[in-house]
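Here the structure comes first, spelled out in structure tokens, and everything after it is commentary.
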Amino acid sequence: MRSTVSRHRLTAAHKLSAAGLTAAGLTALALAAIPGQATAAQSIDVKPVAWTTHDAGTSDQEQQERLTQVTGQAAGQAKTEAAAQHRAATDAAAKTAAQAKAKAEQDRAAKETASRSQDRKPVEQTAPAQEAPAPAPAAAPAKAYGDNLDGWINQALDIMHTKGIPGTYDGLKRNIMRESTGNPQAINNWDSNAVAGIPSKGLLQIIDPTFKAFHVEGTSWDIYDPVANIVASCNYAAKTYGSMDNVNSAY
């Protein structure tokens, strides 16, 4: 008995619908191979192709070639998209790792800097030792002069030398002995000066006006002071005779 079930050959439309399902399946598998892409694979919308018993009017060979072409194109596109998404994920992961490494290096450098700052002790500045000032030279002891004719002449000569007044010990002593015999209080009350009211006084018998005119600074203003009398008299003789050494009589 012959079966009543009709046997129909797959038409081009049937084959194309099958190819579409195959391509969709390949795409889903490719996306699922990439971590995080399963959701994308599940969201692919495959439109069903209606089954029909009508022949598309093409030969079996043409239908097979078209089916192969569509399937290959779908698989290639799925592979390309999967590779692109894989590269993007790899690049993102590498970037994240590089950022994490850079931050770790920065943190490590900051910790090392802080540690060095804590360990480094400030250098104490030591003021250079100052040398003690050199002691002032001791003042030369004052020269001692005897309170006698020899001491008066020597003291007068030292003052005269500092003031540029010429004279020698012998020249001074010779004139002193002639004028007053070495008496600092000697006074002449009988010569013309005495008659005029200005008697000669002291070791070298000088009158008051001359003593005041040729007085040397630093000596006493007392005409009877032996040193002041000698210095003023020698100052006058230097201006008048060139030096007391040149005087051999009353002057």
Would [X] and [Y] show up in the same hydrophobic cluster when neighbours are defined by side-chain heavy atoms closer than 4.5 Å?
X	Y	answer
Phe211	Ile207	no
Ile176	Ile159	yes
Leu203	Ile223	no

Partners of [X] by salt bridge (charged side-chain N to carboxylate O under 4.0 Å, His left out), sequence neighbours excluded?
X	result
Lys95	none
Asp208	Lys201
Glu105	Arg108
Asp107	Lys103

Smallest separation among heavy atoms of Asn189 and Pro199, with atom names: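 So the minimum-distance heavy-atom pair works out to OD1-CB, 4.1 Å.
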Closest non-hydrogen atom pair, Pro166 against Ala238: CD-CB, 3.8 Å
Donor-acceptor contact below 3.5 Å, side chain [X] vs main chain [Y]:
X	Y	answer
Ser233	Ile230	no
Thr168	Gly171	yes
Thr240	Ala237	no
Asn229	Leu204	yes

Sequence neighbours excluded - side chain to side chain donor-acceptor pair (under 3.5 Å) pairs with any residue from residues 137-151: Lys143-Asp158, Tyr145-Asp158, Asp147-Trp152, Asp150-Asn154, Asp150-Tyr169
Step-by-step side-chain contact (heavy atoms from CB on, under 4.5 Å) determination, Met160 to Leu172: CA-CA 12 Å; Met160 290 165 57; Leu172 269 63; 4.1 Å; yes
Candidate pair Asn248 and Arg174, rule side-chain contact (heavy atoms from CB on, under 4.5 Å), full reasoning: CA-CA 8 Å; Asn248 295 302; Arg174 173 170 49 81; 2.7 Å; yes
Distance-only side-chain donor-acceptor flag, Gln77 / Glu81, under 3.5 Å: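 Gln77 vs Glu81: donor-acceptor pair found between side chains.
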Test log, rule side-chain contact (heavy atoms from CB on, under 4.5 Å), inputs Met177 and Leu149: CA-CA 10 Å; Met177 295 306 293; Leu149 180 60; 3.8 Å; yes
[X] side chain near [Y] side chain, heavy-atom distance below 4.5 Å:
X	Y	result
Lys163	Val231	no
Ile198	Pro209	yes
Ile187	Ser200	no
Glu179	Ile206	no

Applying side-chain contact (heavy atoms from CB on, under 4.5 Å), name anything that partners [X], two or more places apart in sequence or on another chain.
X	value
Lys239	Phe214, Asn235
Thr80	none
Ser220	Asp222, Asp225, Ala228
Gln185	Asn183, Tyr224

Any pair counted as salt bridge (Lys or Arg N to Asp or Glu O under 4.0 Å), so long as it reaches residues 240-251, sequence neighbours left out: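 The answer is none; no pair qualifies.
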By side chain to side chain donor-acceptor pair (under 3.5 Å) - contacts of Asn175 (at least two apart):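 Residues passing side chain to side chain donor-acceptor pair (under 3.5 Å) with Asn175: Arg178.
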For Asn188, side chain to side chain donor-acceptor pair (under 3.5 Å) partners two or more places apart: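 Here the qualifying residues are Trp190, Asp191.
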Aromatic plane relationship, Tyr251 with Tyr241 - under 30° parallel, 30 to 60° tilted, over 60° perpendicular: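 Correct class here is perpendicular.
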